[in-house]
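Presented below is the structure to which this report refers.
Predicted, not measured: the structure shown is a model, and the values here were computed from it. We're numbering straight along the sequence, starting at 1.
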Amino acid sequence: MLSLLVAVSLLTGPVSASESKGSHTVNNPSGSFFMSLWHNRLYLYSAAALLFGIWFSLKVALKKKSFSKDVGSLVFKAVKNNDRDPVVHVSGVKIFYGSQTGTAKGFAKELSEEVMTLGLPAEVIDMKDYDPDDQLADECTNQSVCVFLVATYTDGQPTESAEWFCKWLEEASTDFRYGKTYLKGLRYAVFGLGNSVYVGHYNTVGKNVDKWLWMLSGKRIMTRGEGDCNVVKSRHGSVQADFLTWKGKFMSRLQALAKGEKKSCSGNCKSGGSCKNKKRGGHEEKQEETAPQSNSSEDDLIETSSDEESGLQEEKRSGSVVDVEDLGNIMNSAKKAKSREDGREDVQMVKLSKMNGLKKTEDEGERREMITPALSEALTKQGYKLIGSHSGVKLCRWTKSMLRGRGGCYKHTFYGIESHRCMETTPSLACANKCVFCWRHHTNPVGTEWRWKMDPAEKILEEALEKHQNLIRQFRGVPGVKPERYKEGLAVKHCALSLVGEPIMYPEINTFIRLLHSHHISSFLVTNAQFPQEIRSLVPVTQLYVSVDASTKDSLKKIDRPLFKDFWPRFLDCLKALGEKRQRTVYRLTLVKAWNVEEMQAYSELIALGQPDFIEVKGVTYCGESSASSLTMANVPWHQEVVSFVQQLADMLPQYEIACEHEHSNCLLIAHTKFKTDGEWWTWIDYERFQELVQLHEESGGQRSFSALDYAAKTPSWALFGAHEQGFDPTDTRFQRRNKTKDVSGC
C-alpha cells in the first residue's frame, strides 16, 4: 500500500508545480479557496489513500483471525467426535439364500441369530425378492458383509428362488458394460449345499456364485464352504454338520473384521504374483512352518476357493512364459486340483498299516450310519418307527381303516390281501430317485449304491414286527375297531416293501425275503427300475413291482429326477429283467396330469418290452405343498380321467384287458388275459399255496421253479371292473368323512 502512495506522489508532483505558477492570476475569494484545494490536492490524495490502506489492512487482519478460530473449533469438534464415534468396520451382515426344500433358509435364519449375538445387525433375504441389478452394487460401499447360502438343484441348476439372481450374476460377470470392478469393495462368503451323489453337478451353483462374484472384483473374506447331503461322503457326517463347521469359522472371521483386523496372507498366492508378506523377513512364513499340524487339518474342513479362479488368473496373464523349472510345480497343482474332484467321486477309507503301508478298507466299523440325527428327527415327526441305522416301519392308513371295518386298500381288491394284517416297511430308507410326487417330501437320503453301515436282516425283521405290533396295540379299545380284526392284525401275514426308499438296494435283501417267507409272510416288493442286476439276482417274491412313472427319457428325467447318469438304459434293462421272472410281475404307472398322460404309444411299447402280468394305473396322490416339488392339485387326475386313459391303453394291448377297479384309491388294474379262464378273472393270490411253492423251491436249492399261475385265486365279482361296488368290499362299511384332512400315509 505504501508503494502505491509513493507512485501516486511522483506522478502528481510535477503537475502541481507547473500549475501553481498560474495560480496568482486568480484574485477572487471563492476562487482562491478552490485554487488552494487544487494546489494541495496531493496532500488530500495521500491522506485518503492512507486511510483506505489502514481500513483494508485492519479488515484483512480481522478476517484471518476469525478464520483460524473457526478452523480450530472445527478440528477440535472432529477430533472430539472421532473419539466419541469409533470407526465402523462392519455395519451389518446380509444373508442371501436360495432354497428348494427349506434347508438353506433354515441355515440362513440360524446364522442370522448367531450374528446378532455379536451385536451386529443381520438381515435374511430370499434371492427371489432381491433385485441385484438395482441393489447389489450398494453393498460395496455400506461396510456390510454379504453371505450367500445357495443350493444346487436338478442338473446342477439353481433353485427356482435363486434362478434370476444367478442368471444376472453370470451375465454381469462377462458383460463389458458392467466392467471387471463392478463389485469392488463387496465383501462376501459363500456356502453351497449339494449332494455328491450327483457326481457331475455337485455344488455347481455354490462354485459358480463364488466365481462370478470374484470375477466382478468382490472380496472373498473366507474360503467357500460346501455342505454334502450324502452322509457317506460328507466331511462331517451330514450337511448340517458341514454347515456348523463352516459357520464356526465364519463367525471367527466376522469378529476379526469387526475389530478391523486384516486377514494375514501366507504368501502362497494362487496367482503366483508378488506378495508383500514375502518381504517381511520371512517372519510369517516361519510362523506357518511352526504351526501345529492340526491347523492344516482344520483348514481342510472348508472347501478351498474356486479352482476356476486360478484358471482365470492364468488367462489374465496370457502371453507369459513358463520357466522349465516351474513346470513341475504347475503339474503338481493340476494333479492336486484333479484329485480333489476325483476324491468326491470315489471315496474310500484309507488307514495306515505299518506292515503294508496305505491299505484301503471298508470295514463296517468305519462306515457311517444312513440315519443322521436330523434325518431321524424329520422321519420321526412323520410317524416312522426307525429300525437300526437304515430301516423303518409305519402303519398304513388302510390298516387302520380295515381294523375298523371301513374297507381295505387296492391290494385287497386286486390281489386279496388282508389290509389289517399288512406291515409296511423298508430295509433301506435310501433311494436313487427324487420323484416329484414323493409323499415323503424327500426327507429320506439318496444314493446309487450301498455305502453305509449295514444291520443284519434278522435284526431288521425282528424289530419291524415288534414295532408294527406295538402300533397295532394302540388301537386296542378304540371305538369302532373290530375285536376279531384287532386280534388278526397282531399276526402279520403280508409285507409291503414299499414304504419309502429303494428296498432292493439293501445288500441282504434276499436274506430278508427268505426270512419273511419262513414266517409265512407274503412279500410285495417295489423297485424304481434303476437296479437291473439286483432284479435278476432277486429270489422269488410273492409279487414284484416296477414303477414306470414315465414312458420317455425326457419325461422320466423330469418326473423321477434320477441320480444315475445312465438312468434310461438302466430303466429299460430293468423292464427286460422283469420279463425274465416267472413269478407275478407288475408295472406300476402313476398318472400326473399335464406331465405323462399323453404318452400312450410309448407306454404300450414299454409294456411289450417287459410283458408284465399286471399293470396298475393310479392317479397321483397330492401329499400337500412341498418346496421340493412343484406338484399341485391341478396335476391330480379325476377318476374318470384315469378310467379313460386305461381304456385307451388297454385297446392298444392285444393280450391285456381291464380286470379290476378301486375307485376309492383312484386306481385300475389291467391284467394279462392268461389270468382269465372261462370268462372269469383269477387275479387274487392263494397265499398258502405260494408259501408251499416257495418252500419247495428253497428246499430244492432253486431247482424246482414255479410260475404266477401256480398260485392264482379267483377274483370276487365286487372287485371286477364295471361292478357297482367299484372295488369296495361289501362286507365292510364305507365311511365318508366330512371336511376331512388328507392323510398322506399308505401304500
Side-chain angles (χ1 to χ4, degrees), residues 410-411 413-417 496-498 502-504 522-552 556 560 568 570-591 596 599-618 642 645-662 665 667-677 681-685 690 705-713 715 719 721 747:
Y410 71 89
K411 290 190 184 72
T413 301
F414 297 170
Y415 316 118
I417 78 160
L497 295 167
S498 60
E502 182 64 83
I504 209 168
S522 64
S523 51
F524 290 77
L525 189 146
V526 180
T527 177
N528 290 317
Q530 289 296 298
F531 297 92
Q533 197 55 46
E534 285 75 2
I535 291 177
R536 288 189 172 93
S537 60
L538 192 69
V539 298
V541 295
T542 309
Q543 190 156 283
L544 178 60
Y545 289 79
V546 166
S547 293
V548 182
D549 300 323
S551 59
T552 65
L556 186 70
D560 278 6
W568 185 246
R570 283 177 168 271
F571 178 75
L572 297 178
D573 199 16
C574 283
L575 301 186
K576 294 176 184 177
L578 193 77
E580 299 167 7
K581 293 292 180 181
R582 296 201 63 200
Q583 291 74 46
R584 294 166 67 104
T585 56
V586 182
Y587 274 16
R588 192 174 189 177
L589 276 62
T590 301
L591 297 186
N596 63 356
E599 305 165 354
M600 202 74 65
Q601 181 61 38
Y603 274 119
S604 64
E605 293 173 359
L606 293 180
I607 292 168
L609 181 65
Q611 290 292 312
D613 295 323
F614 305 98
I615 305 161
E616 292 178 5
V617 184
K618 186 178 186 297
V642 176
F645 176 90
V646 170
Q647 288 174 334
Q648 294 179 57
L649 181 61
D651 291 341
M652 301 175 69
L653 306 172
Q655 295 181 311
Y656 293 87
E657 295 179 10
I658 304 176
C660 302
E661 175 186 22
H662 191 252
S665 295
C667 186
L668 284 90
L669 180 70
I670 300 175
H672 197 284
T673 51
K674 67 183 179 182
F675 291 93
K676 192 173 187 180
T677 305
W681 283 108
W682 290 66
T683 65
W684 276 36
I685 299 172
F690 170 79
S705 185
F706 59 98
S707 68
L709 291 172
D710 293 334
Y711 55 100
T715 310
F721 177 68
C747 55

Side chain to side chain contact (heavy atoms under 4.5 Å, CB included) between I417 and S522, worked out
CA-CA 9 Å; I417 78 160; S522 64; 5.6 Å; no
Here the gap from S537 atom OG to I504 atom CD1, rounded to the nearest 0.5 Å, amounts to 7.0 Å
Does any N or O in the side chain of Y603 come within less than 3.5 Å of the main-chain N or O of L589, such that one atom is a donor and the other an acceptor?
no
Does any non-hydrogen side-chain atom of L572 lie less than 4.5 Å from one of L606?
yes
Interatomic distance, S665 atom OG to K618 atom NZ [nearest 0.5 angstrom]
6.0 Å
Output the distance between atom CD1 (I607) and atom CD (Q655), rounded to the nearest 0.5 Å.
11.5 Å
Donor-acceptor contact below 3.5 Å, side chain T683 vs main chain F414
yes
Given F690 and V541, is the side chain to side chain contact (heavy atoms under 4.5 Å, CB included) satisfied, shown in steps?
CA-CA 9 Å; F690 170 79; V541 295; 5.8 Å; no
Rounded distance [0.5 Å steps], CZ in R584 versus OH in Y545
8.5 Å
Do side-chain atoms of Y656 reach the backbone of D651 as a donor and acceptor pair under 3.5 angstrom?
no
Does some side-chain heavy atom of D549 sit less than 4.5 Å from a side-chain heavy atom of R588?
no
Say you draw a straight line from CD of Q611 to CG of L575; how long is it, rounded to the nearest 0.5 Å?
11.5 Å
Which of parallel (below 30°), tilted (30 to 60°) and perpendicular (above 60°) describes Y711 and F706?
perpendicular
Quick one: does any side-chain atom of R570 pair with a main-chain N or O of Q530 as donor and acceptor, under 3.5 Å?
yes
Could you state the interatomic distance from OG1 (T413) to CH2 (W684), rounded to the nearest 0.5 Å?
7.5 Å
So, S523 side chain and T542 main chain: donor-acceptor pair closer than 3.5 Å or not?
yes
Should we count CD of E580 as having more than 12 external heavy atoms under 6.0 Å?
yes
Measure up the Y410 and H662 rings against each other and bin them: parallel (under 30°), tilted (30 to 60°), perpendicular (over 60°).
tilted
State which residue, out of H672, K674, Q543, fulfils the side-chain hydrogen bond (donor to acceptor under 3.5 Å, both in side chains) condition with D613.
K674
Go through the side-chain N and O atoms of E502 and T527 and say whether any donor and acceptor fall under 3.5 Å apart.
yes
Salt bridge (charged side-chain N to carboxylate O under 4.0 Å, His left out), that's the test. Do D573 and R536 meet it? Break it down for me.
CA-CA 10 Å; D573 199 16; R536 288 189 172 93; 2.8 Å; yes
Looking at side-chain heavy atoms only, is the closest gap between V617 and L591 below 4.5 Å?
yes
